[in-house]
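Note that the numbering runs from 1 along the sequence shown for the chain. All values derive from a computational prediction rather than experimental measurement.
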Amino acid sequence: MSEETLTFLCNKLQPVIERQDTTFRRCVPLKKRVAIAPWKLATDSEYRTIAHLFGVSITSVCRCVQEFCVAAETLLVPEEICFPGEEKLREMAAYFENRWGLPQCVGAIDGSHIAPQEYHCDYFNCKGWHSVILQGVVDGKRLFWNVFTGLPGSLHDAKVLRLSTHWELATEGNRFRSHTRNIGGVTSGYYILGDSAYPLQNWLLKPFHDTGWLTGEQLFDKKFSNARVVVENAFGRLKGRWHCLLKRNDCDLRLTKSTVMTCCALHNLCENHGQTYDMEWDTCSSS
């Protein structure tokens, strides 16, 4: 994260996390309070190590991280992660069509597992460890525009989708039908790409089930897979930047959800601000 991006964060979160000096003690400066939290999220270092690095108490580090995540979820997330408007949907569809040849496609959806502190049986996932699920919808440039998290890792991806805010927006809100286009004699609205775990919808396209007997037309799955890998890349870059998502989280589930949302918003912020990404950071899989 560059100094310019850090300054942007300071200005954005200043009304919520800035503190005033008192007669008895000086407060931690705003820039230091803001810097402590991304350092913790990016390195997942111990509170004691960060306290020594920034010259503050362990309690101050803990409070700075918690207050930063709550402030980011309130002020930053609504701006960085939101359902795109009509003009933005057209831009996203044009990007997918130009790059992968998929008209009317505006994103891809997938799930990833984040390890929580509590080890309850409900959070024991199919991979053999405990987690909460992070469901993300990204555009062609690997930016999240819908994020839903907090449900136990034992739930199926299709169940998570039906319980998410995205399902409500896509079905009841009917936002994907706001612009239609005639393709090969068929009127089509916007849609997103999902894997075989998701239910087929008029706004969610899934691949053919590979039985070994797919026809030439059905081999369109190769183009489908090439485009859908964008969401896996987004999760890889997200966890590569914010290593706190790689290990067992050391906070309760409520704060875990806030931390995940904050990391997704910071991911979009860094991508939009042109922050370089070192591929050596990407040491994890999308799951």
Side-chain angles (χ1 to χ4, degrees), residues 1-81 114-119 132 134 144 147 149-150 237-278 280-284:
M1 180 181 293
S2 67
E3 186 174 356
E4 290 76 10
T5 304
L6 181 63
T7 302
F8 173 85
L9 277 176
C10 291
N11 295 334
K12 186 68 179 178
L13 305 180
Q14 180 180 4
V16 177
I17 67 176
E18 187 176 34
R19 298 293 181 266
Q20 300 295 328
D21 293 336
T22 68
T23 306
F24 303 99
R25 67 175 65 179
R26 292 183 178 180
C27 67
V28 179
L30 173 64
K31 194 168 186 178
K32 181 179 288 190
R33 296 178 67 87
V34 173
I36 286 174
W39 188 278
K40 167 63 177 175
L41 299 178
T43 65
D44 200 35
S45 301
E46 295 181 352
Y47 288 114
R48 184 183 301 276
T49 302
I50 300 175
H52 285 306
L53 180 64
F54 284 89
V56 297
S57 67
I58 297 176
T59 303
S60 295
V61 173
C62 185
R63 287 177 177 172
C64 287
V65 173
Q66 293 182 8
E67 291 173 1
F68 177 88
C69 290
V70 172
E73 189 176 13
T74 303
L75 299 177
L76 190 63
V77 170
E79 288 190 2
E80 295 293 334
I81 305 175
I114 310 297
Q117 183 184 40
E118 289 85 350
Y119 275 12
V132 295
L134 163 61
F144 291 95
V147 172
T149 186
R237 293 170 74 92
L238 172 70
K239 293 185 176 181
R241 275 196 171 101
W242 312 109
H243 285 183
C244 66
L245 303 179
L246 290 174
K247 303 177 182 179
R248 183 173 68 88
N249 208 292
D250 56 3
C251 53
D252 60 33
L253 281 174
R254 181 180 58 82
L255 188 56
T256 297
K257 179 179 178 180
S258 180
T259 300
V260 173
M261 297 292 291
T262 298
C263 289
C264 291
L266 291 176
H267 164 84
N268 282 9
L269 182 65
C270 290
E271 293 285 339
N272 285 326
H273 283 219
Q275 306 297 291
T276 57
Y277 182 85
D278 191 340
E280 294 182 358
W281 301 344
D282 196 1
T283 57
C284 61

*Asks:* As an exercise, state the distance from CG of D44 to CH2 of W39, rounded to the nearest 0.5 Å.
*Replies:* 13.0 Å
*Asks:* About how many Å separate CZ of F68 and CG of L9, when rounded to the nearest 0.5 Å?
*Replies:*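 These two atoms lie 5.0 Å from each other.
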*Asks:* I need the F144 CZ to H267 NE2 distance, nearest 0.5 Å.
*Replies:* 5.0 Å
*Asks:* What's the verdict on side-chain contact (heavy atoms from CB on, under 4.5 Å) for Q66 and L255, showing C-alpha distance, side-chain angles and the deciding distance?
*Replies:* CA-CA 7 Å; Q66 293 182 8; L255 188 56; 3.5 Å; yes
*Asks:* Could you tell me which non-hydrogen atom of C69 sits nearest to which non-hydrogen atom of T262, and how far apart they are?
*Replies:* O-OG1, 3.3 Å
*Asks:* If I compare all heavy atoms of E73 with all of P78, which pair ends up nearest, and what's the gap?
*Replies:* O-CD, 3.5 Å
*Asks:* Which heavy-atom pair separates R33 from V28 by the least distance, and what is that distance?
*Replies:*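 R33 and V28 have their closest heavy atoms at CD-O, 3.2 Å.
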*Asks:* Which heavy atom in T149 sits nearest to a heavy atom in L134, and how many Å separate them?
*Replies:* OG1-CA, 3.9 Å
*Asks:* For C263 and L41, work out which heavy atoms get closest and say how close.
*Replies:* SG-CD1, 4.2 Å
*Asks:* Going from CD1 on I58 to CZ on R63, what distance comes out if it is rounded to the nearest 0.5 angstrom?
*Replies:* 13.0 Å
*Asks:* I'd like to know if E80 pairs up with K12 as an ion pair, taking the criterion as any Lys NZ or Arg NE/NH1/NH2 lying under 4.0 Å from an Asp or Glu carboxylate oxygen.
*Replies:*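 Salt bridge absent between E80 and K12.
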*Asks:* I need the minimum non-hydrogen distance between C270 and W242, along with the two atoms involved.
*Replies:*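 Shortest heavy-atom contact: SG-CZ2, 4.2 Å.
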*Asks:* At what distance, to the nearest 0.5 angstrom, does CG of L76 lie from CE of M261?
*Replies:* 10.5 Å
*Asks:* For the pair Q275 (side chain) and S2 (backbone), establish whether a donor and an acceptor sit closer than 3.5 Å, ignoring hydrogens and angles.
*Replies:* yes
*Asks:* Rounded to the nearest 0.5 Å, what separates atom NE2 in H52 from atom OG in S45?
*Replies:*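 It comes to 12.5 Å.
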*Asks:* State whether the number of non-hydrogen atoms from other residues, nucleotides or ligands found under 6.0 Å of R48 atom CZ is greater than 12.
*Replies:*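 No, the 6.0 Å shell around CZ holds no more than 12 heavy atoms from other groups.
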